[in-house]
Amino acid sequence: MRMLLMGPPGAGKGTQAKVLAERLNIPAVSTGDIFRANVKDETPLGLEAKRYMDAGDYVPDEVTNAMVRDRLSEADAGEGFLLDGYPRTLAQVGTLDDILAEHGHKLDAVVALIADIDVLVDRMMKRSHTEGRTDDSEEVVRHRQDVYTAETKPLLRVYAQRGLLCEVDGVGEIDEVSERVLVALKSITE
């Protein structure tokens with residue numbers, strides 16, 4: 001299975017990616033985790049990415065595309081993957097298509113987690129307090145929601161036109177949401 005997990009910031013993509021990757025026996029590939037690891041290690045990429053992340057903006061495509069291309073070329077992603085946090089722009093959709101075509105693959109499904117913006121802001125503010133994440137001030141959280149709506153939400157239409165999209169309610173207990181996703185995946189891949 002080669003799938004994307006999409007949704008606005010705070011929708012639970014990271015949490016669901018870990019659960020679903022284990023259940024589907026495929027690696028979860030999270031650009032957010034890659035960025036945060038680079039920031040923590042203060043790598044040149046991390047320092048560049050931090051400027052954008054702290055402002056609530058997306059890291060430039062050329063940096064992100066190179067990272068994703070490298071990661072999807074690793075052996076564990078050869079038989080499938082769950083991609084979380086990419087693509088975020090229409091240009092990245094084309095790049096992902098090219099990356100997959102280079103390996104003779106295509107996407108099987110795109111799952112979008114859906115939740116009300118006030119629920120998302122509340123989740124992210126709680127996370128910022130419990131995890132000490134500096135990229136989650138309320139101003140930045142709301143800006144990230146706006147950026148998602150403007151730049152990433154239009155991708156859902158592209159994947160719906162391709163017959164790959166299933167939207168799933170992202171509010172509820174982790175296991176409940178996971179089960180909803182698995183049912184949706186079964187309906188779209190059969």
Side-chain angles (χ1 to χ4, degrees), residues 2-20 28-36 39 48-65 67-68 82-99 107 109-131 133-172 174 176-178 180-181 184-185 188:
R2 289 172 186 83
M3 65 175 284
L4 305 180
L5 187 59
M6 300 183 72
K13 294 180 304 294
T15 300
Q16 287 302 318
K18 289 179 181 101
V19 172
L20 296 166
V29 177
S30 164
T31 53
D33 288 348
I34 295 167
F35 290 147
R36 280 189 286 279
V39 168
E48 182 179 354
K50 186 176 185 338
R51 287 187 304 131
Y52 296 95
M53 292 166 63
D54 285 348
D57 293 325
Y58 289 157
V59 176
D61 282 359
E62 60 273 6
V63 174
T64 307
N65 292 342
M67 259 192 313
V68 170
L82 184 157
L83 196 49
D84 161 22
Y86 184 91
R88 288 189 173 184
T89 65
L90 289 170
Q92 289 178 352
V93 170
T95 300
L96 179 59
D97 289 344
D98 293 344
I99 292 168
L107 285 176
V110 177
V111 174
L113 297 177
I114 308 299
D116 180 81
I117 190 167
D118 291 328
V119 171
L120 300 175
V121 170
D122 184 55
R123 274 186 188 176
M124 293 183 74
M125 294 312 300
K126 286 178 182 169
R127 179 176 77 182
S128 111
H129 294 300
T130 59
E131 296 179 12
R133 288 174 61 164
T134 61
D135 60 333
D136 283 348
S137 72
E138 184 165 355
E139 181 181 345
V140 169
V141 165
R142 291 199 179 274
H143 177 68
R144 289 172 65 200
Q145 298 297 333
D146 293 341
V147 171
Y148 172 83
T149 299
E151 296 186 24
T152 304
K153 197 169 183 182
L155 277 58
L156 300 181
R157 200 168 37 253
V158 170
Y159 289 120
Q161 290 169 347
R162 294 183 184 184
L164 297 173
L165 180 67
C166 48
E167 295 182 323
V168 175
D169 180 359
V171 179
I174 293 169
E176 291 172 5
V177 176
S178 300
R180 286 184 212 136
V181 170
L185 282 173
I188 203 162

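Below, each value reflects all heavy atoms present in this structure, side chains not excepted, and no hydrogens, waters or symmetry copies. Model, not experiment: these values are computed from the prediction.
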If I compare all heavy atoms of A17 with all of A28, which pair ends up nearest, and what's the gap? O-CB, 3.8 Å
Looking only at non-hydrogen atoms, find the nearest pair between A150 and P154 and report the distance. O-CG, 3.6 Å
Begin from the C-alpha positions of V59 and E48 and carry the test side chain to side chain contact (heavy atoms under 4.5 Å, CB included) through to its verdict. CA-CA 8 Å; V59 176; E48 182 179 354; over 6 Å; no
Considering residues, nucleotides and ligands other than L90, do more than 12 of their heavy atoms fall under 6.0 Å from its CG? yes
With distance as the sole test, does K13 use its side chain to make a donor-acceptor pair with the main-chain N or O of G7 at under 3.5 Å? yes
Close side-chain approach of D61 to R88, heavy-atom, < 4.5 Å: no
Can you tell me how far the CG atom of L164 sits from the CG atom of L4, to the nearest 0.5 Å? 8.5 Å
Show, in sequence, the C-alpha distance, side-chain angles and deciding distance for D146 and R142, and conclude whether the salt bridge (Lys or Arg N to Asp or Glu O under 4.0 Å) test is met. CA-CA 6 Å; D146 293 341; R142 291 199 179 274; over 6 Å; no
Over all heavy atoms of both residues, which pair between S178 and Q16 is shortest? Give the atoms and the distance, please. OG-OE1, 2.7 Å
Taking the side chain as C-beta and beyond, is there a heavy-atom pair between D57 and V147 under 4.5 Å? yes
Side chain to side chain donor-acceptor pair (under 3.5 Å) partners of residues 149-168, not counting sequence neighbours, each pair once: Y58-T152, D97-R162
Roughly how far, to the nearest 0.5 Å, is the CD atom of E138 from the OG atom of S128? 9.5 Å
Result of checking N65, T64, T31 against Y86 for side chain to side chain donor-acceptor pair (under 3.5 Å): N65
When you measure from the side chain of R180 to the backbone N and O of V168, does any donor-acceptor pair fall under 3.5 Å? no
Under 6.0 Å from the CD atom of E139, do we count more than 12 heavy atoms belonging to anything else shown? no
How far apart are the closest heavy atoms of F35 and A49, and which atoms are they? CD2-CB, 4.2 Å
If you measure from CG on L96 to CG on L83, what distance do you get to the nearest 0.5 Å? 6.0 Å
With sequence neighbours excluded, residues passing side chain to side chain donor-acceptor pair (under 3.5 Å) with D169: none
Note: R123 and G10 closest approach over all heavy atoms is NH1-O, 3.0 Å
Extract all donor-acceptor atom pairs below 3.5 Å that involve side chains of residues 110-120 and protein atoms in other chains or at least two apart in sequence.
from	atom 1	to	atom 2	distance (Å)
D116	OD2	D118	N	3.0

From CE (M3) to CG (L82), nearest 0.5 Å: 4.5 Å
Of all heavy-atom pairs between R127 and R144, which one has the smallest distance, and what is that distance? NH2-NH1, 4.2 Å
One pair to check against side chain to side chain contact (heavy atoms under 4.5 Å, CB included): V140 and M124. What are the steps and the verdict? CA-CA 10 Å; V140 169; M124 293 183 74; over 6 Å; no
